[in-house]
Amino acid sequence: MKWLELNQIPLNEWRQEELNGVLVQVSVSPYDVPIAVRGYPDSDPGWFVIEFKYATEEELRPAEGAPHIVLLLGKNSGRIYKIRINRKALAVEKVGLELKVEKLQQEVSRAIDQALQTGATNRLSNTYDLTKKVILNNRKDLFQEFGFPRT
Amino acid sequence: MMGIRDKFKRIQILLTVFQTVLVALGAALSAAAKVDVARVSNPLIQQAVIFLQQSSWWQAPLCILAVPIVQFIKTYFGSPHVWDCVHFILDEFRKAAYPQEDQAAPAAHRVTLFQHRTCCWLFSACWLYRRWPWDGWLVPAERSGQLTRKSRIRFPATDDAKTAGVAGETWAKNYCIYIENLPNLKPGSTEATIQNFAKRTWCKPEWIKRQLKQEKSFARSFCGMPIEVRGKEWGVLLFDSTSTTMVGREQIKTLVQGKAAVLAKLLEKT
């Protein structure tokens with residue numbers, strides 16, 4: 001359950017964007033960039049959790065979406081703080097470990113996209129992209145303790 | 001707001017003393033109400049008890065009303081110690097944002113913390129932006145350094161995302177916004193230069209002209225960052241400098257993130 005520290009600068013680079021007819025450099029708010037991430041089996045058996053740490057904390061609420069992947073979002077900000085994955089319901093085929101991790105990461109990304117559709121804003125879209133990027137870059141470490149069925 | 005709070009800092013101790021006196025007076029009044037004057041042997045205390053009993057009809061309501069009013073004033077301006085800490089953090093941000101610049105020129109490179117407030121009773125700002133005082137505004141709450149603290153600048157930050165200025169745009173988009181190489185505005189600048197500056201900073205040209213008449217200097221680079229408390233937008237941090245670029249703009253995001261939790265705890269108390 002060790003936190004994986006994230007190097008923020010490559011995650012949060014300045015990019016050019018046109019805002020109200022003016023070309024400026026923009027970047028995601030420092031509050032929306034996760035500082036650390038970890039993956040661990042939940043105390044509730046059968047569930048696995050991916051947790052993100054941000055600069056500040058807030059109350060959480062579950063997002064509407066797939067029942068086997070539950071996103072817990074910040075009540076005010078809408079940031080993804082936790083992703084709870086139902087290990088049993090999520091069918092992982094009997095394939096190699098790398099493919100299992102990849103499939104799982106894709107399922108999580110799909111759940112994030114689904115959550116975005118319900119509360120789509122430009123800011124949240126960028127923030128969720130960042131979350132997906134973090135999972136993609138750290139997928140091997142994150143799903144280490146997932147407990148895949150033996151092939 | 002900052003200027004008023006600086007003045008308030010000086011009378012804050014006086015207000016606390018006044019509040020303590022009022023509470024003591026209230027206690028004395030309730031104690032005196034039950035005392036039998038005939039039984040008091042000390043003439044001085046007897047006189048005091050008689051005075052308290054006779055004047056309780058106006059002193060008691062005064063205490064009941066004045067104590068919460070004084071408390072409201074103190075709460076409105078916030079604890080001076082909290083604001084001192086916020087000021088210290090802003091100075092740290094300034095050093096990180098402009099490391100190669102002259103640190104002895106605080107007015108040239110500034111960090112201003114704008115707070116989002118529902119009401120703004122500065123009618124000149126309401127008139128300029130054609131907005132109601134209760135539409136939602138960004139008001140300067142604290143600024144790095146010791147200069148230019150008597151600021152009357154206000155930006156509309158309304159619910160319908162109709163905003164102005166880099167601070168307003170940062171608020172509406174909830175992004176970090178960076179603008180560099182702005183034209184050098186000075187008295188006598190051409191209309192085209194003023195229009196260009198106004199367009200690139202989402203400001204009103206009339207306001208720029210008014211500032212130029214007052215011989216105020218203009219920043220040539222801006223960086224706005226949203227500030228949150230418990231996941232809610234609290235305000236905006238605005239870096240402005242007479243330099244054309246902000247050298248530490250990459251480091252500042254990391255620094256703001258590092259100090260965010262402390263800043264949020266402090267701002268919760270304001």
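Throughout, a chain's letter reflects where its sequence line sits, starting with A, and its residues are numbered from 1.
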### Message
Is it true that, when you exclude B/Arg152 itself, more than 12 heavy atoms of the residues, nucleotides or ligands shown sit nearer than 6.0 Å to its CZ?
### Response
no
### Query
Checking A/Arg15 against B/Tyr175: charged group under 6.0 Å from the ring centre and within 45 degrees of the axis?
yes
### Task
Quick one: do A/Glu59 and B/Arg230 satisfy side-chain contact (heavy atoms from CB on, under 4.5 Å)? Show the steps, please.
CA-CA 8 Å; A/Glu59 271 184 64; B/Arg230 287 187 188 169; over 6 Å; no
### Message
Taking side chain as everything from C-beta outward and backbone as N, CA, C, O, which of these in A/Ser27 sits under 4.5 Å from a heavy atom of chain B? Side chain, backbone, both or neither.
### Response
both
### Task
Pick one of side chain, backbone, both or neither for B/Ile177, based on which atoms fall under 4.5 Å of a heavy atom in chain A.
both
### Message
Do A/Tyr31 and B/Asn174 pair up side chain to side chain, a donor and an acceptor below 3.5 Å, judged on atom types alone?
### Response
no
### Task
Write down the atom of B/Cys176, the atom of A/Ser29, and the distance for their closest heavy-atom approach.
SG-CA, 3.9 Å
### Query
Picking from A/Thr56, A/Leu23, A/Asn76, which has the most non-hydrogen pairs under 4.5 angstrom with chain B?
A/Asn76
### Task
Using a cut-off of 6.0 Å, state whether more than 12 heavy atoms not belonging to B/Trp134 lie near its atom CH2.
yes
### Query
When rounded to the nearest 0.5 angstrom, what is the spacing between CZ in B/Arg200 and CG in A/Leu19?
13.0 Å
## Note on the structure
Heavy atoms of A/Pro30 and B/Lys253 approach each other most closely as CB-O, 3.7 Å
## Note on the structure
Under 4.5 Å to a heavy atom of chain A? For B/Ile227 that would be both
### Query
Does NZ belonging to B/Lys259 count more than 12 external heavy atoms closer than 6.0 Å?
no
### Task
Pick one of side chain, backbone, both or neither for B/Glu233, based on which atoms fall under 4.5 Å of a heavy atom in chain A.
neither
### Task
Mind listing the closest non-hydrogen atom pair of A/Val22 and B/Lys199 along with its distance?
CG2-O, 3.1 Å
### Cationic N near anionic O, under 4.0 Å, B/Glu228 to A/Arg79
yes
### Region of B/Ala264 that comes under 4.5 Å of a non-hydrogen atom in chain A
side chain
#### Entry: Other residues, nucleotides, ligands: >12 heavy atoms within 6.0 Å of A/Glu57 CD
no
### Message
Around atom CD of B/Gln214, are there more than 12 heavy atoms from other residues, nucleotides or ligands closer than 6.0 Å?
### Response
yes
### Query
side-chain contact (heavy atoms from CB on, under 4.5 Å) between B/Lys173 and A/Asn20: does it pass, once the steps are laid out?
CA-CA 11 Å; B/Lys173 297 285 185 292; A/Asn20 292 343; 4.1 Å; yes
